[in-house]
> 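Sharing a structure with you now.
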Amino acid sequence: MSGLVLIGAQWGDEGKGKITNYLAERADMVVRFQGGANAGHTVAVGDRTVVFHLLPSGISRPRATCVIGPGVVLDPLGLVAEIDTVSAQGIAVGRNLLVDVGAHLVLPYHKAVEAAEEAARGAGAIGTTHRGIGPAYADRCTREGIRAGELARFDRFRELFEQNAARRNELLVKFHGAPPVDVAAELARLEAAAARIAPHLADTPPLVRSALSEGKKVLFEGAQGSLLDVAFGTYPFVTSSHTTAAGVAAGAGVPPSAAGDVVGVAKAYTTRVGAGPFPTEAEGPAAELIRERGAERGATTGRPRRCGWFDAVAVRHSAELSGMGRIVLTKLDVLDAFERIPVCVAYEIDGRRVERFPRSTDDVARARPIFEDAPGWKRSTRDARATRDLPAAALEYVRRIERLCGVPVAAVSVGAAAHAIVEFQSTLP
Ligand code: IMP
């Protein structure tokens with residue numbers, strides 16, 4: 001099988017960018033299949049740190065063709081700005097980037113509507129990234145969306161944009177009392193962006209399917225995490241796309257059977273940004289230490305991330321949903337400082353022990369974690385590059401996670417540097 005699916009096993013920010021970039025060395029094609037610029041995939045390129053939002057993390061590897069697939073919602077202004085930013089950092093974006101004609105566009109009125117709706121939710125706000133993701137996917141479902149292919153026919157785009165913007169402006173002004181979107185000014189910016197994006201437009205699914213059938217290595221790069229999946233996450237505190245492996249077929253236009261093995265990326269602990277239940281959330285000095293050592297601030301929004309301990313109930317749920325054959329455990333080095341490391345093995349809900357992640361978000365909110373303490377190792381793992389470099393207690397921690405999740409750990413990441421990774425028996429493809 002030449003495809004490989006890489007997805008987050010928690011609430012996002014698991015370090016997928018780094019792992020994608022690492023595996024992209026061996027990939028011919030890297031495909032984003034869902035989400036949009038709400039992602040913030042941080043990658044070390046040489047001695048620089050680059051954050052990708054819409055561009056697939058393989059873009060720094062000139063050998064790999066990078067695809068923004070039909071399941072992505074694409075902000076044309078954001079994409080052009082990102083291309084300029086990474087170009088200034090020495091990463092060439094040319095024919096190596098393909099944008100699917102069917103990817104739905106995130107337009108300025110989506111962001112304005114999202115900001116107004118989040119404000120109206122008050123204390124019940126979801127804590128979205130304000131990148132227009134939800135409203136753009138909503139338009140796709142109600143068949144009011146505009147697709148990337150229209151950027152190549154700007155007159156048609158203009159017509160559709162004017163129609164949609166007029167309706168959204170009415171909603172913004174009359175219902176929310178918010179300022180309207182400046183249609184003429186936005187159209188001018190969008191026309192310039194359209195000219196830049198048009199050369200990248202392509203019908204990408206046949207190209208991805210051909211690459212797979214020719215045995216080329218195709219990496220499907222997931223964004224966000226499985227617990228933010230619109231169907232199986234902690235709804236409504238989720239994103240608006242399918243972040244599980246099921247998203248690949250519909251989001252890249254490949255048969256489910258062709259997508260390939262699924263690798264889940266999980267942090268050695270847990271973080272979450274935005275609102276919603278988080279059973280293993282820590283407080284006080286422990287949370288602060290994780291946040292500080294793990295630099296746990298949103299790569300897209302700069303918000304401090306909520307921090308807590310590894311939740312095996314949640315990761316097991318993600319692994320089962322997507323059929324994860326392997327896990328890559330990231331940021332193990334962040335735990336170097338702890339004497340004892342709590343690991344959540346089950347929940348207690350209303351006095352009952354629960355091993356399965358509840359379908360009801362209220363139940364997740366009421367779940368009390370049942371922790372077992374693992375011994376810490378109190379030694380730096382940052383220079384480890386082989387199994388023998390890891391302290392025995394760190395290896396035991398990894399084995400414990402494997403046992404609890406029922407999935408082998410193929411590799412651990414021990415620092416931000418691109419090659420700060422220990423692969424176990426070369427189990428990564
Ligand atoms: P949205 O995707 O901007 O609509 O945000 C919905 C929820 O998903 C919020 O809780 C966000 O914080 C969260 N979210 C969206 N993208 C990411 C991400 O890339 N990493 C972590 N959380 C995310």
Side-chain angles (χ1 to χ4, degrees), residues 6-20 32-43 51-57 71-75 78 82 104 106-107 110-121 123-141 221-244 247 251 264-267 269-278 281 291 294-308 311 314 318 330-331 361 364-365:
L6 198 91
I7 53 172
Q10 295 158 321
W11 278 284
D13 308 316
E14 296 93 348
K16 296 177 294 295
K18 172 177 168 168
I19 306 303
T20 307
R32 280 278 309 266
F33 56 91
Q34 47 71 230
N38 47 350
H41 291 172
T42 306
V43 170
V51 183
F52 298 116
H53 299 286
L54 266 166
L55 290 169
S57 301
V72 171
V73 284
L74 179 139
D75 171 356
E82 189 175 338
H104 275 253
V106 178
L107 294 163
H110 291 127
K111 292 186 191 175
V113 167
E114 177 174 10
E117 285 177 347
E118 274 285 90
R121 286 185 190 114
I126 293 163
T128 67
T129 59
H130 288 236
R131 295 297 182 274
I133 305 299
Y137 276 119
D139 274 6
R140 182 171 87 154
C141 288
E221 178 184 13
Q224 293 80 50
S226 301
L227 302 168
L228 290 171
D229 184 274
V230 68
F232 297 104
T234 46
Y235 192 91
F237 303 102
V238 292
T239 190
S240 301
S241 65
H242 291 293
T243 56
T244 54
V265 184
K267 269 181 195 163
Y269 48 96
T270 312
T271 61
R272 179 166 198 167
V273 253
F278 178 2
E281 185 164 16
R291 189 170 300 116
E296 295 296 354
R297 281 188 177 276
T300 296
T301 58
R303 290 181 287 180
R305 295 179 184 141
R306 299 157 67 192
C307 297
D311 184 343
S318 303
T330 57
K331 293 190 148 184
T361 300
V364 183

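The analysis underlying the following values was restricted to heavy atoms, covering all of them including side chains, and did not include hydrogens, waters or symmetry mates. Note that ligands are numbered from 1 as they come in the structure, with each ligand's atoms numbered from 1 the same way. Everything numeric in this text was worked out from a predicted model, so none of it was measured. Numbering starts at 1 and runs along the sequence shown.
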> Taking the basic N atoms (NZ, or NE/NH1/NH2) and the acidic carboxylate oxygens, is any pair closer than 4.0 Å for Lys111 and Glu114?
no
> NZ of Lys267 to CG of Asp13: how many Å apart, nearest 0.5 Å?
5.0 Å
> What are the atoms of ligand 1, with element, lying closer than 4.0 Å to any heavy atom of Ile126?
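Reading through ligand 1 atom by atom, the close ones are 10 (O).
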> Counting heavy atoms only, which of Asp13, Thr301, Leu228, Thr239 is nearest atom 14 (N) of ligand 1?
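Shortest heavy-atom distance from atom 14 (N) of ligand 1: Leu228.
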> If we only consider heavy atoms of Val238, is any one of them less than 4.0 Å away from an atom in ligand 1?
yes
> Does any N or O atom in Arg303 lie less than 3.5 angstrom from one in ligand 1, N or O only?
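Yes, Arg303 has an N/O under 3.5 Å of an N/O on ligand 1.
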> At what distance, to the nearest 0.5 angstrom, does CZ of Phe237 lie from CG of Leu228?
12.0 Å
> Which residue supplies the protein heavy atom nearest to atom 5 (O) of ligand 1, what is that atom called, and how far is it?
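Of the protein heavy atoms, Thr128 CA, 3.4 Å lies nearest.
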> To the nearest 0.5 Å, what is the distance between OG1 (Thr239) and CG (Leu227)?
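If I round to the nearest 0.5 Å, the distance is 13.0 Å.
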> I want to check something: taking the side chain as every heavy atom from C-beta on, are Glu221 and His41 in contact at a cut-off of under 4.5 Å?
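Sidechains of His41 and Glu221: in contact.
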> Just go through Gly274, Gly127, Ala37 and tell me whose heavy atom is the nearest to atom 9 (C) of ligand 1.
Gly127
> So, taking the atom named CD in Glu296 and the one named OG1 in Thr271, what distance separates them when rounded to the nearest 0.5 Å?
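Result: 4.5 Å between the selected atoms.
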> Return the OH to NE2 distance between Tyr137 and His110, rounded to the nearest 0.5 Å.
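Interatomic distance, Tyr137 OH to His110 NE2, rounded to 0.5 Å: 12.0 Å.
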> Would you check the N or O atoms of Thr129, main chain and side chain alike, for any that come under 3.5 Å of an N or O of ligand 1?
yes
> Within the structure, does Asn38 bring an N/O atom to less than 3.5 angstrom of an N/O atom in ligand 1?
yes
> Consider ligand 1: state whether an atom of it lies below 4.0 angstrom from any non-hydrogen atom of Ser240.
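Distance cut 4.0 Å: Ser240 fails for ligand 1.
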> In the protein, which heavy atom is nearest to atom 10 (O) of ligand 1, and how far is it?
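Result: Val273 O, 3.2 Å.
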> Just verifying a value: how many Å separate Gln224 CD and Thr243 OG1, rounded to the nearest 0.5 Å?
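Nearest 0.5 Å value for the CD-OG1 distance: 7.0 Å.
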> For Gln224, counting its heavy atoms only, list the atoms of ligand 1 lying under 4.0 Å from any of them.
15 (C), 16 (N), 17 (C), 18 (C), 19 (O)
> Show me which atoms of ligand 1 lie under 4.0 Å from any heavy atom of Trp11.
21 (C), 22 (N)
